[in-house]
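Keep in mind that the numbers below use all heavy atoms, side chains included, and drop hydrogens, waters and symmetry copies.
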Amino acid sequence: MWRNAAESFGAVQTKYFARHKGEVNSCTFSPDCQILLTCSDDSRLYIWNVKSGKLLCKVKGHTGPVKACCFSPDCTMFASASYDCSVRVWRTATVECLHTLMGHQKSVETVCFSPDSRQLLSAGWDQTAILWDLQQGTFLKTFSGHQDVIQSCSFSLNGRYMATGSWDYTVKVWDLQNDGRCRTLEGHTGNISCICFSVTGMLATGSWDKTVRVWNPHKGTLIFLLAGHLGWLKSLSFSKDGILLASAGYDEMVKVWDCENGKCLTTLEGILDPAYACAFSPNGTLVLSGPIEQASL
């Protein structure tokens with residue numbers, strides 16, 4: 001089915017989004033694939049028109065580098081996590097700040113919405129993850145257990161599980177149907193820098209050990225060990241159908257993997273700078289962001 005996938009990714013067209021004044025830490029598409037959201041060390045978020053590449057808006061409010069950003073699944077909101085220890089939730093239509101969530105004691109490194117857009121998970125340097133109620137903008141629960149920085153988090157698409165990846169080399173999977181019961185996934189030999197769930201329920205984790213691991217989070221078993229990167233992993237993204245996985249890192253390349261057999265379909269090189277972020281758009285296009293002042297599509 002995917003025998004021509006490598007050829008499809010071979011002819012990559014590039015579009016640059018070059019208004020950033022610092023490192024681009026995260027990028028994400030809106031669910032309708034019309035808007036690209038990026039965030040930067042310059043303390044701002046940037047909203048772009050995907051087709052034209054036009055900068056629509058600079059979003060101000062944070063007082064420190066913005067480390068992560070994401071859209072809610074229903075596209076009515078987006079969230080940002082910052083070095084200023086806060087999480088902000090914004091209304092997409094008007095770009096007004098709906099909630100400023102304070103509770104972390106140190107830099108917030110990662111943030112993600114629940115599938116129903118009613119809750120938000122954030123985590124960071126204080127080694128805790130916090131679950132928030134977005135209807136009221138209030139604290140729900142703290143998840144503790146990691147021994148170092150939590151750099152990544154993700155909800156499963158059925159809403160049952162949350163996963164957190166830490167610099168303690170472990171991934172924790174929290175079962176929300178069993179009062180937050182935790183399963184710890186071990187095997188990486190470096191900091192966990194990125195994680196994501198697929199629509200099929202797989203969990204991918206990327207590490208400073210230069211590998212990607214694909215897990216069955218329910219059983220806690222390893223499905224694939226994906227090796228081939230020459231540097232630390234920075235970002236992961238599943239395609240909408242869960243069959244393809246993109247991985248990006250500090251080795252100036254992006255790899256696209258077939259999750260049916262664990263094989264690398266293609267390697268996108270010549271990025272010239274570390275690929276700090278990658279994301280599949282809903283229609284299958286891959287977006288990359290470089291480290292300084294620009295993102296490429």
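- Among residues two or more places apart in sequence or in another chain, the side-chain hydrogen bond (donor to acceptor under 3.5 Å, both in side chains) test is passed with T92 by none.
- Counting heavy atoms from C-beta on, the side chains of D84 and K67 never come closer than 4.5 Å.
- Residues C196 and S154 come closest through the heavy atom pair CA-OG, 3.9 Å.
- Atoms CG and NE2, on D42 and H62 in that order, are 12.0 Å from each other to the nearest 0.5 Å.
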side-chain contact (heavy atoms from CB on, under 4.5 Å) evaluation trace for C259 with I243: CA-CA 5 Å; C259 290; I243 295 178; 5.6 Å; no
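- For E109 and S107, the side-chain atoms include at least one donor-acceptor pair closer than 3.5 Å.
- Side chain to side chain, S193 and N191 fail the donor-acceptor criterion of an N or O pair below 3.5 Å.
- Closest non-hydrogen pair, S72 versus S117, comes out as CB-OG, 3.7 Å.
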S40 vs E23, side-chain contact (heavy atoms from CB on, under 4.5 Å): CA-CA, chis, key distance, verdict: CA-CA 5 Å; S40 171; E23 289 188 358; 5.8 Å; no
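- Counted by atom type alone, W48 and T38 present one or more donor-acceptor pairs between their side chains at under 3.5 Å.
- A distance-only check finds a donor-acceptor pair linking the side chain of S82 to the backbone of G64 [under 3.5 Å].
- Using a 4.5 Å heavy-atom threshold, the side chains of Q119 and L140 count as touching.
- Using a 4.5 Å heavy-atom cutoff, the side chains of T170 and L185 are not in contact.
- Here the shortest heavy-atom pairing between I150 and A123 reads CG2-CB, 3.5 Å.
- When every heavy atom of S235 is checked against every heavy atom of C194, the shortest pair comes out as N-SG, 3.6 Å.
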Residue pair W167, I192: steps toward the side-chain contact (heavy atoms from CB on, under 4.5 Å) verdict: CA-CA 6 Å; W167 287 7; I192 312 299; over 6 Å; no
Working for salt bridge (charged side-chain N to carboxylate O under 4.0 Å, His left out), residues R183 and D175: CA-CA 8 Å; R183 181 190 298 274; D175 189 341; over 6 Å; no
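- Ring geometry for Y161 against F197 counts as parallel: the plane angle stays under 30°, on a 0 to 90° scale with 60° as the upper cut.
- Enclosure of atom NZ in K141 by more than 12 non-hydrogen atoms of other residues, nucleotides or ligands within 6.0 angstrom is indicated.
- Under a 4.5 Å side-chain heavy-atom cut-off, the cluster of Ile, Leu, Val, Met, Phe, Trp and Tyr residues that includes L226 is completed by M202, V212, V214, I223, F224, L233, L236, F238, L245, W257.
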Residues T205, W215; criterion side chain to side chain donor-acceptor pair (under 3.5 Å); working and verdict: CA-CA 8 Å; T205 61; W215 311 82; 2.9 Å; yes
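- Under a cut-off of 6.0 angstrom, the local environment of CZ in F143 is crowded, with over 12 non-hydrogen atoms contributed by other residues, nucleotides or ligands.
- In terms of heavy atoms, C85 sits closest to M102 at O-CE, 4.3 Å.
- Checked by atom type, the side-chain pair K172/T184 shows a donor-acceptor distance below 3.5 Å.
- The CG atom of N261 sits 10.5 Å away from the SG atom of C264 when rounded to the nearest 0.5 Å.
- Contact of the T164 side chain with the H146 side chain is registered, since non-hydrogen atoms from C-beta on lie closer than 4.5 Å.
- Clustering of Ile, Leu, Val, Met, Phe, Trp and Tyr by side-chain heavy atoms under 4.5 Å joins L98 with M77, V87, V89, L101, V108, V111, F113, L120, I130, W132, L134, F139.
- At least one donor-acceptor pair closer than 3.5 Å links the side chain of N25 to the backbone N or O of V66.
- Of the possible polar contacts, none joining the D148 side chain to the D168 backbone as a donor-acceptor pair under 3.5 Å is found.
- Distance CG/L230 to CD/E252: 10.0 Å, rounded to 0.5 Å.
- For the atom pair S30 OG and D74 CG, the distance stands at 12.0 Å (nearest 0.5 Å).
- Side-chain atoms of S166 come within 3.5 Å of backbone N or O of V149 as a donor-acceptor pair.
- Counting non-hydrogen atoms of neighbouring residues, nucleotides and ligands closer than 6.0 angstrom, the CD atom of Q34 exceeds 12 such neighbours.
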E96 and W90: CA distance, side-chain angles, deciding distance, side-chain contact (heavy atoms from CB on, under 4.5 Å) verdict: CA-CA 5 Å; E96 67 175 302; W90 313 81; over 6 Å; no
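- Put simply, CE on M162 and SG on C112 are 8.0 Å apart, with the number rounded to the nearest 0.5 Å.
- Ring geometry for W208 against W232 counts as parallel: the plane angle stays under 30°, on a 0 to 90° scale with 60° as the upper cut.
- Of the possible polar contacts, none joining the T100 side chain to the R88 backbone as a donor-acceptor pair under 3.5 Å is found.
- Within the 4.5 Å cutoff, the side chain of C39 has no heavy atoms near those of the S80 side chain.
- A chain of hydrophobic side-chain contacts below 4.5 Å, direct or via other Ile, Leu, Val, Met, Phe, Trp or Tyr residues, connects F155 to W174.
- Judged by distance alone, the side chain of N49 and the main-chain N or O of S52 form a donor-acceptor pair under 3.5 Å.
- Under the 4.5 Å side-chain heavy-atom criterion for grouping Ile, Leu, Val, Met, Phe, Trp and Tyr, V59 is connected to F71 within one hydrophobic cluster.
- Side-chain N/O atoms of T211 and H229 include no donor and acceptor closer than 3.5 Å.
- The backbone N or O of L37 lies less than 3.5 Å from no partner atom in the side chain of T28, so there is not a single donor-acceptor pair.
- Using a 4.0 Å cut-off between charged nitrogen and carboxylate oxygen, R118 and D133 do not count as a salt-bridge pair.
- Under a hydrophobic clustering in which Ile, Leu, Val, Met, Phe, Trp and Tyr are joined whenever their side-chain heavy atoms come within less than 4.5 Å, directly or via other members, L157 and I195 fall into the same cluster.
- Y46 and I35 sit in two unconnected hydrophobic clusters of ILVMFWY residues. Membership requires side-chain heavy atoms under 4.5 Å apart, directly or through other members.
- A distance of 3.0 Å separates NZ in K255 from OG1 in T267, rounded to the nearest 0.5 Å.
- In this structure, the side chain of D126 does not engage the main chain of H104 through any donor-acceptor pair within 3.5 Å.
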